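Please read the structure below before turning to the comments.
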Number of protein chains: 2
Amino acid sequence: MSDKVFVSADEVARKAGVSRSAVSRTFTPGASVSEATRRKVTAAAEELGYHVNQLARGLMRNESGIVCLIASDVATPYRSALLRELTLQLQVAGKVTMFVNTDRSDGSVDRALHQAIRYRADASIILSGLPDKSITQLCLRNGQRLVLINRDDDQPGPLRINLDDRDAAGRVVSAFLRAGCTRLAFANSEAGTPSLMAREQGFIAVAKEHGLDVIVERYGWTGYEAGKIVAQRMLTRKERPDAVFCATDLLACGFMDAARHQFSLSIPDQLCIVGFDDIEQASWTSYHLTTFAQPVDTIAREAVTWLVDGRKDTPDGQSLKLHADLVWRGSVRGG
Amino acid sequence: MSDKVFVSADEVARKAGVSRSAVSRTFTPGASVSEATRRKVTAAAEELGYHVNQLARGLMRNESGIVCLIASDVATPYRSALLRELTLQLQVAGKVTMFVNTDRSDGSVDRALHQAIRYRADASIILSGLPDKSITQLCLRNGQRLVLINRDDDQPGPLRINLDDRDAAGRVVSAFLRAGCTRLAFANSEAGTPSLMAREQGFIAVAKEHGLDVIVERYGWTGYEAGKIVAQRMLTRKERPDAVFCATDLLACGFMDAARHQFSLSIPDQLCIVGFDDIEQASWTSYHLTTFAQPVDTIAREAVTWLVDGRKDTPDGQSLKLHADLVWRGSVRGG
DNA sequence: GCAGCATTTGCACACGCTTGCAAAAGCGGA
DNA sequence: TCCGCTTTTGCAAGCGTGTGCAAATGCTGC
């Protein structure tokens with residue numbers, strides 16, 4: 001670690017023959033500098049390889065330009081897509097993403113938020129888990145804005161972005177009925193995430209309105225393997241369902257593979273399937289899955305705009321409920 | 001933006017009835033503080049909700065604790081898996097990840113590195129693209145360590161981690177020959193990434209040693225759709241190949257789907273296929289793809305340990321060549 | 001040349017922290 | 001009680017930047 005390596009504004013000022021304030025102002029948009037000095041400064045800066053020290057600037061301005069992204073299971077198709085979109089939009093908004101990978105253990109999110117505070121992040125976006133109330137308060141008290149995505153929480157302050165899962169569930173029932181299905185089922189994991197549970201309960205409720213019971217099966221963590229196992233359990237029942245709504249596309253992919261290769265069922269002729277998320281694999285020929293598209297870009301846009309130009313006018317974030325479009329492919333009869 | 005929100009070490013010191021230095025030392029591992037004062041300080045800090053300002057600390061220590069991760073196509077299965085592993089390992093090493101999403105345009109990586117410099121990142125890890133030599137020099141001159149993953153570059157300074165692609169290609173040829181295949185092909189994209197080209201050239205070279213020509217087809221960007229199109233082109237040729245090595249698992253998945261559903265070919269009976277990366281989907285029942293596993297954890301471990309405890313002893317990073325294991329599944333005869 | 005004004009410049013302080021250095025405190029033995 | 005020693009503590013100088021304020025400069029119209 002060789003010391004004294006970075007060139008500072010002082011050195012630039014000396015080389016350009018101006019004061020250090022002039023250098024500072026040159027790199028501060030909207031500050032008052034004459035065109036002549038600005039040119040001298042930029043020339044000297046270029047030559048010396050000067051770069052504003054954002055640590056120092058953040059210290060002064062009390063605004064680091066950092067936004068903290070907190071998520072688990074980032075290698076998952078849906079998560080990584082959302083992450084991609086968020087970082088992209090943050091970048092165009094001139095923010096910098098600090099990324100924290102949480103596990104599913106308690107306190108993991110809290111630790112992440114503490115890190116965000118230590119680095120004086122301007123805001124944090126939480127995709128997984130739920131922070132302790134006290135930590136939330138701490139963040140808000142420190143002027144840090146908070147966004148919760150797909151986390152059902154009712155404390156005021158953070159912006160909460162959710163999908164209308166119940167509404168989506170209702171549309172699945174209609175689709176299944178239109179396809180002539182009568183034995184409905186819901187495939188879920190044991191994760192118990194708010195959005196997962198909302199889909200399950202919405203589906204059951206709407207089915208009941210039509211006088212139908214729903215077979216529910218849950219297993220393990222929300223992934224491909226769990227989907228296969230849920231399928232094995234459901235399809236060995238005495239009365240096997242003819243339409244299943246999977247809480248997630250990953251579950252659906254596993255379910256389809258088991259249904260086809262272990263039970264030799266033909267989709268959608270003998271079994272209709274609907275997923276959720278519209279991950280890339282849902283469009284692959286082997287699956288061609290009818291599913292709900294998460295409005296990833298809208299989610300990201302809403303989050304970022306609220307964070308960035310959110311001022312006094314919206315101190316408390318409202319609760320946003322977004323609509324998920326049903327993408328018709330080949331896993332349900334009569335699209 | 002309500003001002004004066006964060007509690008500073010001064011306030012903690014006042015509340016605890018000690019000097020500011022005592023507070024600072026309490027939060028500096030290895031500093032000299034008596035047990036009595038430490039307790040007083042931590043109590044006061046807890047009560048006030050004090051958190052060390054890393055911006056200020058980084059400014060003093062000239063070491064921010066930030067590591068910059070630079071990558072494009074992050075929603076891709078392989079990339080997201082590598083990213084996950086890297087952030088995970090960086091976290092246990094006590095570093096913080098700053099994530100920059102690049103596109104495939106020129107200068108995108110350079111901009112990312114400039115950002116890393118502005119935030120005084122301790123190091124940068126580059127997964128995509130290649131920075132301009134001048135920028136590399138700038139980073140190194142500023143004491144910033146650099147890791148290049150799967151980028152073929154020969155400038156000294158950065159640590160370069162690569163796979164032994166040629167060796168892997170050789171093992172594919174052997175596998176195909178053992179399966180009795182005679183018409184070999186290589187499916188690639190037009191991305192021209194060093195690792196992609198190394199696989200292609202290695203495959204061709206080894207095949208030639210066995211007196212075999214290789215049909216090569218390239219199309220578009222390295223993804224599922226490109227795999228389908230490459231398959232359509234290859235399988236409509238007068239003499240259709242009976243064994244194809246796909247540069248990437250995504251290409252292989254697309255290739256398999258086209259081969260099965262558009263050409264009604266049976267894998268591996270009529271067509272053997274090998275991929276590269278061992279993404280999660282390769283293990284799905286619909287594909288069951290024989291492929292090379294990227295040693296993601298080893299890559300991440302090597303990168304992080306070199307970054308973290310890399311001291312004067314290894315000022316210049318060496319070039320690491322890692323081995324990729326072949327994972328036998330069902331897409332090649334006679335595993 | 002000079003008053004009157006708008007624009008630009010430099011000074012100096014602040015931001016929150018670490019750390020070298022010297023003074024203070026603790027401690028055991030005579 | 002005092003001495004020599006080790007441990008702990010406080011002081012103050014920095015780290016690189018932004019910005020209010022007053023002085024300086026430039027420009028326009030006499």
Side-chain angles (χ1 to χ4, degrees), chain A residues 1-41 44-45 48-66 117-122 142-143, chain B residues 1-41 44-45 48-66 117-122 142-143:
Chain A
M1 201 60 64
S2 43
D3 284 26
K4 197 63 199 139
V5 282
F6 285 97
V7 24
S8 73
D10 270 305
E11 312 178 39
V12 178
R14 216 169 309 135
K15 176 153 199 118
V18 296
S19 79
R20 202 182 48 69
S21 334
V23 178
S24 178
R25 283 192 252 260
T26 301
F27 291 101
T28 303
S32 156
V33 209
S34 74
E35 198 48 41
T37 34
R38 150 162 282 132
R39 256 198 299 274
K40 279 193 290 184
V41 169
L48 262 51
Y50 170 73
H51 294 260
V52 176
N53 187 336
Q54 289 285 356
L55 270 47
R57 171 175 280 186
L59 184 56
M60 263 304 298
R61 290 224 185 118
N62 209 23
E63 186 179 349
S64 61
I66 297 175
I117 292 180
R118 281 200 303 277
Y119 277 90
R120 300 303 189 254
D122 298 339
N142 286 344
Chain B
M1 200 58 67
S2 41
D3 284 25
K4 198 61 198 139
V5 282
F6 284 99
V7 22
S8 74
D10 269 304
E11 311 178 40
V12 177
R14 214 169 310 136
K15 176 158 200 115
V18 297
S19 79
R20 198 187 37 259
S21 337
V23 179
S24 178
R25 282 191 254 261
T26 301
F27 291 101
T28 303
S32 156
V33 208
S34 73
E35 199 48 40
T37 35
R38 151 163 281 133
R39 256 199 297 276
K40 278 192 289 182
V41 169
L48 263 51
Y50 170 73
H51 294 260
V52 176
N53 187 334
Q54 289 285 355
L55 269 45
R57 172 175 279 185
L59 184 56
M60 262 306 296
R61 291 225 183 117
N62 209 23
E63 187 180 347
S64 60
I66 296 176
I117 292 180
R118 280 201 303 276
Y119 277 90
R120 299 302 189 255
D122 298 339
N142 285 344

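Predicted, not measured: the structure shown is a model, and the values here were computed from it. Convention: sequence-line order gives letters A, B, ...; per-chain numbering from 1. Heavy-atom basis, side chains included; hydrogens, waters and symmetry copies ignored.
- Remark: A:Q54 CD to B:R118 CZ distance equals 6.0 Å, nearest 0.5 Å.
- At least one donor-acceptor pair under 3.5 Å links the side chain of A:R120 to the backbone N or O of A:I117.
- In terms of heavy-atom proximity, B:I66 sits nearest to B:Y119 at CD1-O, 4.1 Å.
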Under 3.5 Å, sequence neighbours excluded: what are the donor-acceptor pairs made by side chains of residues 14-22 of chain B?
| from | atom 1 | to | atom 2 | distance (Å) |
| --- | --- | --- | --- | --- |
| B:S19 | OG | B:S21 | N | 3.3 |
| B:S19 | OG | B:S21 | OG | 3.4 |
| B:S19 | OG | B:A22 | N | 3.4 |
| B:R20 | NH1 | B:D10 | OD1 | 3.1 |

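- Nearest heavy-atom pair, B:R25 versus B:R38, reported as atom, atom and distance to 0.1 Å: O-NH2, 4.3 Å.
- The CZ-C1' distance, from B:R120 to D:dT17, rounds to 11 Å in whole Å.
- Between A:Y50 and D:dT17, a side-chain N or O to OP1/OP2 separation shorter than 4.0 Å is present.
- The two residues A:A56 and B:L59 come nearest to each other via the heavy atoms CB-CD1, 3.9 Å.
- The shortest non-hydrogen separation linking A:L48 to A:V7 is O-CG1, 3.5 Å.
- For B:F27 and C:dG16, the CZ to C1' distance is 14 Å, given to the nearest whole Å.
- A:T28 has its side chain within reach of A:R57: a pair of non-hydrogen atoms, C-beta onward, lies under 4.5 Å apart.
- Closest of all the heavy-atom pairs between A:E11 and A:F6 is OE2-O, 3.9 Å.
- Between its two ends, the helix from C:dG1-D:dC30 to C:dA30-D:dT1 turns its axis by 30°, counting five pairs per end and rounding to 10 degrees.
- Between the C1' atom of C:dC11 and the CG atom of A:D10 lies a distance of 13 Å, rounded to the nearest Å.
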Using atom names, set out every protein N or O paired with an N or O of nucleotides 26-28 of chain D below 3.5 Å, distance rounded to 0.1 Å.
none

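- Computed from coordinates, the A:E11 CD to D:dC15 C1' distance equals 13 Å when rounded to whole Å.
- To the nearest angstrom, P of C:dC17 lies 16 Å from CG of A:N53.
- With sequence neighbours excluded, no residue satisfies side chain to side chain donor-acceptor pair (under 3.5 Å) with B:S24.
- Among the heavy atoms of the strands, none lies under 4.0 Å from B:V23.
- As a whole-Å value, the separation of A:N62 CG from D:dT19 C1' is 15 Å.
- Phosphate contact (OP1/OP2 of C:dT19, side-chain N/O of B:R61, threshold under 4.0 Å): present.
- One interatomic measurement links the two molecules: NE2 of B:H51 to P of C:dC17, which rounds to 12 Å at whole-angstrom precision.
- Listed pair B:S24 / C:dC17 fails the phosphate criterion, with no side-chain N or O lying under 4.0 Å from OP1 or OP2.
- Separating the NZ atom of A:K40 from the C1' atom of C:dT8 is a distance of 12 Å, rounded to the nearest angstrom.
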Quick tally for nucleotides 4-13 of chain D: nucleotides whose base has a protein heavy atom under 4.0 Å get B, sugar-phosphate-only ones S, the rest -, giving ----BBBB--

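- Evaluation of the side chain to side chain donor-acceptor pair (under 3.5 Å) rule for A:S34 yields A:T37 as partners, not counting sequence neighbours.
- Taking each heavy atom of B:V41 and B:F27 in turn, the nearest pair found is CG1-CE1, 4.1 Å.
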